[in-house]
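A short write-up of the structure that comes next.
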Number of protein chains: 2
Amino acid sequence: MTGPIPPLDTTPGALGGPTDLTLTPAGEGPALRADAARNRTRLLEAASCLMAQCGAANLTMEAVASAAGVGKGTVFRRFGDRTGLLIALLDHREQLLQAAFLTGPPPLGPDAPALERLHAFGPTLVRHERDHHELILAARTDPRRNYAVPAARLRHTHVMLLLRQAGVTGDTDLLAHTLLATTDAALVHHLTVGRGMPLERVEAAWHDLVDRVAGTTS
Amino acid sequence: MTGPIPPLDTTPGALGGPTDLTLTPAGEGPALRADAARNRTRLLEAASCLMAQCGAANLTMEAVASAAGVGKGTVFRRFGDRTGLLIALLDHREQLLQAAFLTGPPPLGPDAPALERLHAFGPTLVRHERDHHELILAARTDPRRNYAVPAARLRHTHVMLLLRQAGVTGDTDLLAHTLLATTDAALVHHLTVGRGMPLERVEAAWHDLVDRVAGTTS
DNA sequence: GGCCCAACCGGACCGAAGTCCGTTTAAAGT
DNA sequence: ACTTTAAACGGACTTCGGTCCGGTTGGGCC
């Protein structure tokens with residue numbers, strides 16, 4: 001929290017390419033030393049295992065460290081902080097999602113018309129967020145961080161591109177943010193669990209919103 | 001975190017009425033004992049003062065306690081946890097905002113047509129969130145909590161009502177959530193600070209979104 | 001005015017996040 | 001194979017949020 005931020009690599013690809021994250025899933029980090037790489041996977045496995053047992057909220061750094069057979073300092077060196085570790089775990093699970101909408105089959109993948117892909121993207125996201133809401137919410141100590149994370153930027157770029165391909169004019173950048181906001185894990189959790197709303201209604205709202213946004217051309 | 005939740009009053013009005021929070025700013029708590037009430041205001045003042053000096057992120061419970069001349073246990077008894085204290089501080093600042101759109105002059109207050117009020121509400125919210133973003137973001141440890149807080153519910157109900165009064169049909173409940181999501185402090189901060197976007201553009205996006213949503217009647 | 005109990009108070013105590021620094025080691029160059 | 005150096009390692013240490021429980025006090029009631 002103090003000092004001018006040490007080297008600190010966090011997750012591989014956390015820094016990403018300079019500005020060209022247009023269509024690549026996630027660039028790998030700058031190559032770790034052999035032992036570091038080994039420990040990294042050990043730590044992620046241990047964390048994943050512990051989380052399955054105790055839940056993401058009860059995951060302690062010390063427990064992860066000793067389960068992986070390393071010291072606590074190592075965990076912090078690798079992931080920066082607790083949130084960094086959780087984000088790394090999350091990133092790993094997001095690879096499948098990214099593959100689905102970047103290179104998968106229609107209607108999500110590139111072989112479908114843009115508007116159709118956009119419609120299909122919402123429910124996919126909502127379900128993904130719901131399935132991992134525990135981890136996602138646990139990883140959200142600093143809200144600012146979520147927008148900076150590569151996975152989030154990728155989603156945003158993707159939606160923005162689809163909007164443009166669908167012929168939507170106007171501020172597609174902010175429209176994409178609006179659309180994505182409706183799939184936020186905290187919101188979905190609040191609606192479905194806290195207020196007992198069926199998931200179908202949330203999905204219907206997505207389709208409705210896409211129609212309202214794409215229907216007119218500003 | 002364990003146990004079946006003690007009495008724990010948190011902020012006055014934190015619990016709010018059962019379900020009728022339609023138009024009241026915020027009900028007061030169940031009347032504290034004289035010394036408790038005195039300490040409560042002392043604590044809020046001390047916290048507010050310390051925050052001005054060190055920033056919300058560096059506010060420690062112990063510092064607040066000793067600055068107010070009470071023990072640490074007292075702070076936790078009164079506000080439940082750190083987040084509770086921050087929310088109480090925030091609630092205090094929100095009174096003005098609530099007064100403005102519940103009983104204030106047009107175009108925000110009740111003497112203007114619904115659609116006009118809706119248009120005016122966005123920029124007001126965005127500026128409010130930006131002005132207090134430090135406190136707001138610091139208070140957001142558990143994202144689920146933000147939707148349960150009375151101030152958030154009030155905003156939501158307000159927008160939903162305005163939408164209906166403006167003749168918008170469809171799922172106004174979720175549309176209101178969508179609109180409010182675009183004024184989220186973390187998002188606004190990310191856009192304006194992290195990406196250098198002018199505030200006017202965010203406000204323009206609000207107006208555009210209101211038009212797109214209200215333009216068609218589903 | 002005096003009694004009683006529920007609510008309040010305080011600060012010792014605990015657990016976990018994050019820091020620090022002396023030691024060890026991978027791997028690149030000679 | 002040997003040296004060198006930047007990186008990685010580990011665990012003691014600090015700080016802070018949150019809990020606990022014995023002692024104190026406000027205020028309704030007789």
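Chain A is the first sequence line, chain B the second, and so forth, proteins listed ahead of strands; every chain is numbered from 1.
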- Just checking, is any N or O donor in the side chain of T182(A) or T178(B) under 3.5 Å from an acceptor N or O on the other one?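 No, T178(B) and T182(A) have no side-chain donor paired with an acceptor closer than 3.5 Å.
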- Task: Would you check if there is a donor-acceptor pair between the side chains of H156(A) and D173(A) at a distance under 3.5 Å?
- Result: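 Side-chain D/A pair, D173(A) to H156(A): present.
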Euclidean distance, atom [atom1] of residue [X] to atom [atom2] of [N] [Å, nearest integer]:
X: R40(B); N: dA7(C); atom1: CZ; atom2: P; result: 18 Å
X: M61(B); N: dG11(C); atom1: CE; atom2: C1'; result: 15 Å
X: E62(B); N: dT14(D); atom1: CD; atom2: P; result: 16 Å
X: F79(B); N: dC8(C); atom1: CZ; atom2: C1'; result: 14 Å
X: F76(B); N: dC13(C); atom1: CZ; atom2: P; result: 18 Å
X: R38(B); N: dC8(C); atom1: CZ; atom2: P; result: 13 Å
X: N58(A); N: dA16(C); atom1: CG; atom2: P; result: 9 Å
X: R82(A); N: dG17(D); atom1: CZ; atom2: C1'; result: 14 Å

Contact between [X] and [Y] at the side-chain level, heavy atoms closer than 4.5 Å - yes or no?
X: L97(B); Y: R155(B); answer: yes
X: R117(A); Y: H158(A); answer: yes
X: D171(B); Y: D208(A); answer: no

- So L154(B) and F101(B), side-chain contact (heavy atoms from CB on, under 4.5 Å) or not? Walk me through it. CA-CA 11 Å; L154(B) 183 61; F101(B) 69 77; 4.2 Å; yes
Nucleotide nearest [X] (side chain, heavy atoms from C-beta), chosen from [options]:
X: R77(B); options: dC9(C), dT19(C), dT19(D); answer: dC9(C)
X: K72(A); options: dG10(D), dC8(C), dC13(D); answer: dC13(D)
X: A36(B); options: dA17(C), dC9(C), dC9(D); answer: dC9(C)

- Query: If you find the nucleotide of DNA chain D closest to N39(A) and the one closest to L59(B), which residue's nucleotide is nearer the 5' end?
  - Reply: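 On the 5' side of the pair lies N39(A).
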- Message: Within the 4.0 Å heavy-atom criterion, would you say L85(B) contacts the bases, only the backbone, or no part of the nucleic acid?
- Response: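 Answer is nothing: L85(B) stays at 4.0 Å or more from every strand.
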- Find which nucleotide of DNA chain C each of T60(A) and G73(A) is nearest to by heavy atoms, and output the residue with the more 5' nucleotide.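 Mapping each residue to its closest nucleotide by heavy atoms, the 5'-most match is T60(A).
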- Task: Using a cut-off of strictly less than 4.0 Å, decide whether T74(B) has a side-chain nitrogen or oxygen near OP1 or OP2 of dG10(C).
- Result: yes
- Item | Any R78(B) side-chain N or O less than 4.0 Å from OP1/OP2 of dC8(C) | yes
Listed pairs, N/O of protein and of nucleotides 27-29 of chain C, under 3.5 Å:
from    : atom 1 : to     : atom 2 : distance (Å)
dA27(C) : OP1    : A34(A) : N      : 2.9

- Can you measure from NE2 (H190(A)) to NE2 (H177(B)) and round to the nearest 0.5 angstrom?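 NE2 of H177(B) is found 4.5 Å from NE2 of H190(A).
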